[in-house]
Amino acid sequence: MRVLLRSSLFRGMCEKWRRGVWDCREVGALCCLSYPSYFGSPFPLTLEVKIFRALILGELERGQNQYQALCFISRLSRNEIIPSESMARLRQKNPHVIRLAEERKGLEQLTMSAAVNLSRAGQLSSHIHNMCSEAQEAIYTREADVKHWLEKGVDGSIFEVLAQTTEAPSFQACHSTKDLWQPCLCTFGLRLEWYPCLLKYCRSRDGTAKGTTYKCGIRSCSKGYHFTYYVPQKQLCLWDEET
(Lines give C-alpha, C1' and ligand atoms only; values in the text may rest on other atoms or scores of the structure.)
Protein backbone atom coordinates (compact mmCIF):
# COMPACT_ATOMS: atom_id res chain seq x y z
CA MET A 1 0.00 0.00 0.00
CA ARG A 2 1.34 3.42 -0.97
CA VAL A 3 0.48 6.42 1.21
CA LEU A 4 1.15 10.04 0.26
CA LEU A 5 2.30 11.90 3.38
CA ARG A 6 4.62 14.52 4.77
CA SER A 7 8.06 13.27 5.79
CA SER A 8 9.88 15.24 8.52
CA LEU A 9 13.61 14.66 8.69
CA PHE A 10 16.19 15.59 11.28
CA ARG A 11 17.01 19.10 12.44
CA GLY A 12 18.14 21.46 9.69
CA MET A 13 16.35 19.71 6.82
CA CYS A 14 13.04 20.73 5.31
CA GLU A 15 9.80 18.78 5.30
CA LYS A 16 8.68 17.32 1.98
CA TRP A 17 5.69 15.44 0.67
CA ARG A 18 6.74 11.86 0.02
CA ARG A 19 5.08 8.66 -0.98
CA GLY A 20 5.53 6.22 1.87
CA VAL A 21 5.26 2.52 1.09
CA TRP A 22 3.77 0.02 3.52
CA ASP A 23 4.77 -3.55 2.72
CA CYS A 24 3.14 -6.09 5.03
CA ARG A 25 3.34 -9.86 5.05
CA GLU A 26 1.66 -12.04 7.65
CA VAL A 27 4.34 -14.69 7.18
CA GLY A 28 6.95 -13.83 9.78
CA ALA A 29 4.79 -10.94 11.04
CA LEU A 30 6.83 -8.41 9.07
CA CYS A 31 5.57 -4.92 8.22
CA CYS A 32 7.83 -2.33 6.65
CA LEU A 33 7.40 1.40 6.04
CA SER A 34 9.83 3.08 3.69
CA TYR A 35 10.41 6.50 2.15
CA PRO A 36 12.37 5.93 -1.08
CA SER A 37 14.08 9.29 -1.36
CA TYR A 38 17.24 11.27 -0.58
CA PHE A 39 16.87 10.16 3.01
CA GLY A 40 15.52 6.68 3.71
CA SER A 41 14.00 5.61 7.00
CA PRO A 42 12.42 2.20 6.54
CA PHE A 43 11.72 0.06 9.54
CA PRO A 44 10.31 -3.47 9.85
CA LEU A 45 8.15 -4.45 12.77
CA THR A 46 8.58 -7.97 14.12
CA LEU A 47 7.52 -9.62 17.36
CA GLU A 48 8.66 -7.23 20.12
CA VAL A 49 11.44 -5.85 17.89
CA LYS A 50 11.37 -2.51 16.05
CA ILE A 51 14.15 -1.61 13.62
CA PHE A 52 14.83 1.85 12.23
CA ARG A 53 17.30 2.07 9.36
CA ALA A 54 18.59 5.41 8.09
CA LEU A 55 20.66 5.99 4.96
CA ILE A 56 22.30 9.43 4.87
CA LEU A 57 24.09 10.76 1.82
CA GLY A 58 27.60 12.09 2.42
CA GLU A 59 28.41 15.78 2.13
CA LEU A 60 30.86 16.17 -0.76
CA GLU A 61 32.12 19.56 0.41
CA ARG A 62 33.23 17.89 3.65
CA GLY A 63 35.07 15.03 2.01
CA GLN A 64 32.30 12.45 2.29
CA ASN A 65 31.68 10.63 -0.98
CA GLN A 66 29.53 7.75 0.28
CA TYR A 67 26.35 7.37 2.27
CA GLN A 68 26.26 6.51 5.95
CA ALA A 69 23.98 3.77 7.30
CA LEU A 70 22.57 3.64 10.84
CA CYS A 71 20.33 1.11 12.57
CA PHE A 72 18.41 1.63 15.80
CA ILE A 73 16.74 -1.40 17.38
CA SER A 74 14.26 -1.19 20.24
CA ARG A 75 11.46 -3.13 21.85
CA LEU A 76 8.06 -2.88 20.20
CA SER A 77 5.17 -2.42 22.60
CA ARG A 78 2.10 -4.44 21.69
CA ASN A 79 -0.19 -1.41 21.86
CA GLU A 80 2.14 0.73 19.73
CA ILE A 81 0.75 -0.32 16.36
CA ILE A 82 -2.10 -2.41 14.97
CA PRO A 83 -1.58 -6.20 14.66
CA SER A 84 0.38 -7.41 11.64
CA GLU A 85 -2.56 -9.44 10.34
CA SER A 86 -4.67 -6.27 10.24
CA MET A 87 -1.80 -4.33 8.69
CA ALA A 88 -1.55 -6.84 5.84
CA ARG A 89 -5.20 -6.23 4.94
CA LEU A 90 -4.99 -2.44 4.75
CA ARG A 91 -6.46 -0.91 1.60
CA GLN A 92 -7.17 2.66 0.57
CA LYS A 93 -9.91 4.01 -1.68
CA ASN A 94 -8.17 7.24 -2.72
CA PRO A 95 -4.40 6.65 -3.11
CA HIS A 96 -3.78 10.20 -4.38
CA VAL A 97 -5.15 11.90 -1.25
CA ILE A 98 -2.49 13.32 1.09
CA ARG A 99 -2.76 11.53 4.42
CA LEU A 100 -2.50 13.44 7.68
CA ALA A 101 -2.33 11.65 11.02
CA GLU A 102 -5.37 11.96 13.27
CA GLU A 103 -3.22 11.99 16.40
CA ARG A 104 0.19 13.59 16.81
CA LYS A 105 2.12 11.78 19.53
CA GLY A 106 4.95 13.36 21.49
CA LEU A 107 8.68 13.06 20.89
CA GLU A 108 10.35 9.95 22.32
CA GLN A 109 13.95 10.35 23.51
CA LEU A 110 16.03 7.16 23.30
CA THR A 111 19.58 6.79 24.65
CA MET A 112 21.19 4.00 22.65
CA SER A 113 23.80 2.77 25.11
CA ALA A 114 24.55 -0.66 23.64
CA ALA A 115 25.80 -1.99 20.31
CA VAL A 116 24.37 -5.01 18.47
CA ASN A 117 26.62 -7.66 16.90
CA LEU A 118 25.29 -8.09 13.35
CA SER A 119 26.68 -11.61 12.90
CA ARG A 120 24.79 -12.89 15.98
CA ALA A 121 21.63 -10.77 15.80
CA GLY A 122 19.57 -13.48 14.08
CA GLN A 123 18.45 -14.72 17.51
CA LEU A 124 16.79 -11.38 18.13
CA SER A 125 15.23 -10.99 14.66
CA SER A 126 15.91 -12.68 11.33
CA HIS A 127 15.34 -9.32 9.63
CA ILE A 128 18.23 -7.47 11.30
CA HIS A 129 20.88 -8.92 8.99
CA ASN A 130 19.03 -7.87 5.83
CA MET A 131 18.05 -4.45 7.15
CA CYS A 132 21.29 -3.51 8.89
CA SER A 133 24.06 -5.21 6.91
CA GLU A 134 25.22 -1.84 5.57
CA ALA A 135 25.36 -0.31 9.05
CA GLN A 136 27.90 -2.88 10.34
CA GLU A 137 29.46 -1.05 13.33
CA ALA A 138 26.57 1.41 13.70
CA ILE A 139 23.77 -0.78 15.08
CA TYR A 140 22.48 0.49 18.41
CA THR A 141 19.94 -0.39 21.07
CA ARG A 142 18.99 0.60 24.63
CA GLU A 143 20.28 -1.05 27.78
CA ALA A 144 16.70 -1.43 29.09
CA ASP A 145 15.72 -3.31 25.94
CA VAL A 146 18.81 -5.52 26.23
CA LYS A 147 17.72 -6.48 29.76
CA HIS A 148 14.22 -7.35 28.52
CA TRP A 149 15.50 -9.56 25.71
CA LEU A 150 18.00 -11.31 28.01
CA GLU A 151 15.10 -12.18 30.31
CA LYS A 152 13.37 -13.69 27.27
CA GLY A 153 16.34 -16.00 26.71
CA VAL A 154 18.29 -14.12 24.02
CA ASP A 155 22.06 -14.79 24.15
CA GLY A 156 23.94 -11.90 25.76
CA SER A 157 26.82 -12.22 23.27
CA ILE A 158 24.67 -10.30 20.77
CA PHE A 159 25.08 -7.09 22.76
CA GLU A 160 27.95 -4.92 23.89
CA VAL A 161 27.39 -2.10 26.38
CA LEU A 162 29.05 1.08 25.17
CA ALA A 163 31.13 2.22 28.14
CA GLN A 164 31.59 5.58 26.45
CA THR A 165 28.01 6.57 27.17
CA THR A 166 27.89 5.38 30.78
CA GLU A 167 31.38 5.94 32.17
CA ALA A 168 32.44 9.13 30.44
CA PRO A 169 29.87 11.82 31.17
CA SER A 170 32.46 14.43 30.14
CA PHE A 171 31.73 13.78 26.46
CA GLN A 172 29.95 16.71 24.90
CA ALA A 173 27.06 16.63 22.48
CA CYS A 174 28.32 16.63 18.90
CA HIS A 175 26.59 19.93 18.13
CA SER A 176 28.77 21.55 20.85
CA THR A 177 32.01 19.92 19.69
CA LYS A 178 34.18 21.97 17.34
CA ASP A 179 36.87 19.41 16.49
CA LEU A 180 35.66 17.01 13.76
CA TRP A 181 37.94 14.24 15.08
CA GLN A 182 36.83 14.35 18.73
CA PRO A 183 34.42 11.74 20.18
CA CYS A 184 31.00 13.03 21.14
CA LEU A 185 27.36 12.09 21.72
CA CYS A 186 25.40 12.25 18.48
CA THR A 187 21.67 12.87 18.16
CA PHE A 188 19.70 11.68 15.18
CA GLY A 189 16.04 12.59 14.83
CA LEU A 190 13.19 11.54 12.59
CA ARG A 191 9.40 11.65 12.58
CA LEU A 192 6.98 9.09 11.22
CA GLU A 193 4.22 11.29 9.88
CA TRP A 194 1.65 8.54 9.38
CA TYR A 195 1.23 5.01 10.66
CA PRO A 196 -1.79 2.92 11.75
CA CYS A 197 -1.71 2.94 15.54
CA LEU A 198 -5.17 1.72 16.56
CA LEU A 199 -8.11 -0.24 15.17
CA LYS A 200 -11.52 1.42 15.04
CA TYR A 201 -14.66 -0.48 16.02
CA CYS A 202 -18.23 0.23 14.94
CA ARG A 203 -21.52 -1.07 16.32
CA SER A 204 -23.87 -2.87 13.97
CA ARG A 205 -27.61 -2.27 13.86
CA ASP A 206 -29.08 -5.72 14.29
CA GLY A 207 -32.41 -4.72 15.77
CA THR A 208 -31.31 -5.18 19.36
CA ALA A 209 -30.41 -2.48 21.83
CA LYS A 210 -26.98 -3.94 22.30
CA GLY A 211 -25.82 -4.70 18.76
CA THR A 212 -22.45 -6.18 17.90
CA THR A 213 -19.10 -4.52 17.33
CA TYR A 214 -16.84 -5.06 14.33
CA LYS A 215 -13.59 -3.64 12.96
CA CYS A 216 -14.39 -0.75 10.66
CA GLY A 217 -11.13 1.10 10.08
CA ILE A 218 -7.93 2.40 11.64
CA ARG A 219 -6.74 5.41 13.59
CA SER A 220 -3.54 6.98 12.28
CA CYS A 221 -0.80 8.55 14.36
CA SER A 222 2.39 10.55 13.93
CA LYS A 223 5.40 10.21 16.22
CA GLY A 224 8.90 11.64 16.52
CA TYR A 225 12.08 9.93 17.74
CA HIS A 226 15.43 11.29 18.93
CA PHE A 227 18.25 8.74 19.19
CA THR A 228 21.38 9.66 21.19
CA TYR A 229 24.49 7.51 20.87
CA TYR A 230 28.30 7.64 21.09
CA VAL A 231 30.46 8.25 18.00
CA PRO A 232 34.28 8.10 18.05
CA GLN A 233 34.50 11.30 15.99
CA LYS A 234 32.17 14.15 15.12
CA GLN A 235 32.88 13.51 11.43
CA LEU A 236 30.30 10.69 11.73
CA CYS A 237 27.59 13.09 12.95
CA LEU A 238 27.79 16.19 10.75
CA TRP A 239 24.01 16.73 10.73
CA ASP A 240 23.98 17.37 14.49
CA GLU A 241 25.21 20.94 14.52
CA GLU A 242 24.31 23.93 16.62
CA THR A 243 21.79 26.22 14.91
Side-chain angles (χ1 to χ4, degrees), residues 3-18 20 22 31-35 37-46 48-56 68-82 87 98-116 131-132 135 138-148 162 165-166 169 171-177 184-198 218-231 234 236-243:
V3 183
L4 188 61
L5 43 80
R6 185 191 298 276
S7 174
S8 297
L9 308 185
F10 48 80
R11 178 177 55 190
M13 293 189 66
C14 59
E15 292 187 337
K16 295 183 179 180
W17 294 109
R18 302 184 187 277
W22 275 103
C31 288
C32 184
L33 168 65
S34 61
Y35 301 116
S37 58
Y38 164 78
F39 168 81
S41 61
F43 67 98
L45 307 174
T46 60
E48 293 191 342
V49 178
K50 178 171 55 181
I51 308 167
F52 289 89
R53 181 183 66 177
L55 304 177
I56 309 158
Q68 184 177 349
L70 303 171
C71 263
F72 303 103
I73 302 174
S74 60
R75 181 186 176 189
L76 176 68
S77 302
R78 293 187 180 274
N79 61 351
E80 197 170 339
I81 198 165
I82 67 174
M87 192 91 76
I98 294 172
R99 306 291 173 180
L100 298 175
E102 299 168 81
E103 180 182 347
R104 188 177 176 89
K105 292 182 176 289
L107 181 68
E108 184 175 357
Q109 305 276 359
L110 300 100
T111 299
M112 314 304 281
S113 53
V116 178
M131 291 294 299
C132 301
I139 308 174
Y140 305 98
T141 189
R142 296 185 300 176
E143 198 168 354
D145 293 328
V146 171
K147 182 179 179 181
H148 168 77
L162 298 175
T165 43
T166 57
F171 281 130
Q172 292 184 319
C174 288
H175 64 77
S176 300
T177 303
C184 55
L185 297 180
C186 182
T187 297
F188 180 85
L190 59 84
R191 172 168 284 276
L192 300 180
E193 288 295 346
W194 188 97
Y195 69 96
C197 53
L198 289 172
I218 62 166
R219 181 175 181 81
S220 58
C221 293
S222 168
K223 186 173 182 178
Y225 300 85
H226 269 189
F227 303 97
T228 300
Y229 59 99
Y230 168 87
V231 290
K234 182 181 176 176
L236 299 173
C237 187
L238 294 181
W239 57 82
D240 190 10
E241 296 188 332
E242 209 153 23
T243 56

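These numbers were taken from a predicted model, which means no experiment stands behind them. Basis for what follows: all heavy atoms, side chains included, without hydrogens, waters or symmetry-related copies.
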When you measure from the side chain of Trp194 to the backbone of Glu102, do you find a donor-acceptor pair of N or O atoms at a distance under 3.5 Å? no
Measuring only between side-chain heavy atoms, which start at C-beta, is Leu107 closer than 4.5 Å to His226? yes
d(Cys237 SG, Leu185 CG) to nearest 0.5 Å is 9.5 Å
To the nearest 0.5 angstrom, please state how far the CD atom of Gln68 sits from the CD1 atom of Ile56. 5.0 Å
In sequence, state the C-alpha distance, the side-chain angles, and the governing distance for Cys71 and Cys132, and then conclude on disulfide bond (SG atoms under 2.5 Å apart). CA-CA 6 Å; Cys71 263; Cys132 301; 2.1 Å; yes
Determine whether Val146 and Thr141 make a side-chain contact, defined as any pair of heavy atoms from C-beta on separated by less than 4.5 Å. yes
Rounded to the nearest 0.5 Å, how far does CG of Leu162 lie from CD of Glu143? 9.5 Å
About how many Å separate CZ of Arg191 and OG of Ser222, when rounded to the nearest 0.5 Å? 4.0 Å
Donor-acceptor check, side chain of Lys234 to backbone of Cys174, threshold 3.5 angstrom: yes or no? yes
Glu103 side chain vs Arg219 backbone, donor-acceptor pair below 3.5 Å: no
The reported gap from CG in Leu236 to OH in Tyr230 (rounded to nearest 0.5 angstrom) is 10.0 Å
Can you list everything that forms a ring-ring contact (aromatic ring centres under 6.0 Å, His included) with Tyr225? Sequence neighbours excluded, please. Phe52
List in chain and number order the residues that pass side-chain hydrogen bond (donor to acceptor under 3.5 Å, both in side chains) with Gln109, two or more places apart in sequence or in another chain; answer none if no residue qualifies. none
Close side-chain approach of Leu70 and Phe188, heavy atoms under 4.5 Å: yes
